[in-house]
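Counting starts at 1 for both ligands and their atoms, following the listed order. What's counted below: heavy atoms across the whole structure, side chains too, no hydrogens, waters or symmetry copies.
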Amino acid sequence: MNILIIGSGGREHTLTWKLAQSKQCSKLFVAPGNAGTDEIALNVDLSVTDFEGIKALVLEEKIDMVIVGPEAPLVAGIVDFFKADKQLKKIRIVGPDAAGAQLEGSKDFSKDFMMKHGVPTAFSKTFTKDTLEEGKSYIEQNKGPYVLKADGLAAGKGVIITEDAAEAKQSLHEMLAEAKFGDASSKVLIEQFLSGIELSVFVLTDGKNYVILPEAKDYKRIGEADTGLNTGGMGAVSPVPFADEAFLSKVEEQVVKPTLEGLQKEGIHYVGFIFIGLMNQDGEPKVIEYNVRMGDPETQVVFPRIQTDAVRLFKAAADGKLDKVKLKVTPKTAVTSVVVAGGYPEAYKKGDVMDIPEADKDKLIFHAGTAIQGEEVVTNGGRVMALTGMAKTLNAAVKKSQSMARKVKYKGKYYRKDIGQDLLALIQK
Ligand code: AMP
Ligand code: GLY
């Protein structure tokens, strides 16, 4: 089977690495890919939203299945484009259509969806430019912390949390009246603050049947002890020690099932991943957000734990046969540490020559922002690569991941040295 993966990050390198292990996989293409995918697949220099270019590639290379990594092409309707095209409609494509992708593309839509279908979440109110003054009074009438969320896609930056009412009002003003996040902040949700510990649960569905993939915890802030600016993700751990069977079964009953039933009731045929960001509030799951794709760097710990053949898994998802697949997962712990370019998530440099350590079966290297320049691998993005360690214990997996992060060399390298430390402390309590 010829397969195309769309995207260029650590998530896509991980999916490519996993698919490449399948006997059912003949040719693998990644558009646009990075220096890591280039070693195991054919990179094709196409933008993820160049649907015509993707169509030409699919037809030319006789691609049988397309896996969509990031949210942008899904929200822009890549699946609808395939379904509406005579030559493409039979090609398997794993990802939701634009209607389904609203779960991530519009926080207002997803909040309404959760309220309507009884999925536990924080209460919120939505404001627009026309109701800005009401929004400000709402802030004055309620106690902080205030959680302000831009409705649309804002590259992970659209959430502002503050204790200070004046600051909340100022942020609301900037988002609505000054279009701080462009169109994405033409609506803003003010949400009840949830306290607890966060984790994410991933579902793969064929529209009817589903499998729950291993859960993960990520580390979003740039600084140690969760300080500083938000990033795409600086590390991840799977499994999550506090996500015991009782909690995960509440997630399945209270969140996963009503979400999938809700999609069906809305007439949305959803094929692909649902990434459920959750708060564990005294043992009760509350949904913070949905994403319509896998997480990055969560994929770098979730997929190494999955032992089921990835082609079989994705083919079953596209063919409506996930009920035939029983997911096999290693009990080992996976920990990933992301090395980033100096300055990230603000301005950073690209093009620094890299020295990369050897990988082995329990020490995996997933490229993100890398490129090939002549004979050398150079940095080409903010998040440069994810180093995943696998071991029987969390402690040993942390050590493997961190020792590899230490060994990667390029100018200005930075990584968090505390990935997994909070969970180790929790276990030792
Ligand atoms: P989101 O883009 O919705 O994932 O939000 C980004 C981050 O903001 C989340 O990962 C949480 O850490 C935090 N967050 C979002 N919503 C809430 C909330 N209602 N209460 C507390 N923290 C939140
Ligand atoms: N690591 C968070 C995300 O992929 O959205």
Passes side-chain contact (heavy atoms from CB on, under 4.5 Å), Ile54 versus Leu46? Steps please. CA-CA 7 Å; Ile54 291 168; Leu46 280 174; 4.1 Å; yes
Of the side chain and backbone of Leu194, name the one, both, or neither that has a heavy atom under 4.0 Å from an atom of ligand 1. both
For ligand 1, indicate whether the residue Ile161 contacts it via side chain, backbone, both or neither (heavy-atom separation under 4.0 Å). side chain
Give the atom numbers and elements of ligand 1 that come within less than 4.0 Å of a heavy atom of [X].
{"X": "Lys220", "value": "10 (O)"}
{"X": "Lys149", "value": "3 (O), 15 (C), 16 (N)"}
{"X": "Glu191", "value": "16 (N), 17 (C), 18 (C), 19 (N)"}
{"X": "Ile288", "value": "3 (O), 15 (C), 16 (N)"}
{"X": "Phe193", "value": "20 (N), 21 (C)"}

State if Arg11 counts as touching ligand 2 under the rule of any non-hydrogen atom under 4.0 Å. no
With a 4.5 Å heavy-atom cut-off, do Val188 and Leu172 have their side chains touching? yes
Parallel, tilted or perpendicular: which one describes the rings of His13 and His367, with boundaries at 30° and 60°? perpendicular
Can you say whether the rings of Phe113 and Tyr290 are parallel (under 30°), tilted (30 to 60°) or perpendicular (over 60°)?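 The rings of Phe113 and Tyr290 stand perpendicular, inter-plane angle above 60°.
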Any idea which atoms of ligand 2 are less than 4.0 Å away from a heavy-atom of [X]?
{"X": "Gly232", "answer": "1 (N), 2 (C)"}
{"X": "Gly295", "answer": "4 (O)"}
{"X": "Asp218", "answer": "1 (N), 2 (C)"}

Should Ser337 and Ser401 be marked as a side-chain hydrogen bond (donor to acceptor under 3.5 Å, both in side chains) after you check the CA-CA gap, both sets of side-chain angles, and the distance that decides it? CA-CA 6 Å; Ser337 307; Ser401 167; 2.6 Å; yes
Taking CD in Glu358 as the centre, count heavy atoms belonging to other residues, nucleotides or ligands within less than 6.0 Å. Is the count above 12? no
If we ignore angles and hydrogens, is there a donor and acceptor under 3.5 Å between the side chains of Gln300 and Asp296?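 Side chains of Gln300 and Asp296: pair found under 3.5 Å.
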Note the single closest protein heavy atom to atom 3 (C) of ligand 2, along with its residue, its atom name and the distance in Å.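 Looking only at protein heavy atoms, the one closest to atom 3 (C) of ligand 2 is Arg293 NH1, 3.6 Å.
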Heavy atom of Gln192, distance to ligand 1 below 4.0 Å: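 It does, in that a heavy atom of Gln192 comes within the 4.0 Å cut-off of ligand 1.
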Can you find an N or O of Glu298 that's nearer than 3.5 Å to an N or O of ligand 2? yes
Has ligand 2 got any nitrogen or oxygen that is less than 3.5 angstrom from a nitrogen or oxygen of Phe275? no
Show the numbers, then the answer: is there a side-chain contact (heavy atoms from CB on, under 4.5 Å) between Thr333 and Thr393? CA-CA 6 Å; Thr333 291; Thr393 65; over 6 Å; no
For a side-chain hydrogen bond (donor to acceptor under 3.5 Å, both in side chains) check, start with the C-alpha distance between Gln421 and Tyr219, then their side-chain angles and the critical distance, and finish with the verdict. CA-CA 11 Å; Gln421 292 302 329; Tyr219 294 79; over 6 Å; no
How many angstroms lie between atom CZ of Arg92 and atom CE of Met65, to the nearest 0.5 angstrom?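 These two atoms lie 7.0 Å from each other.
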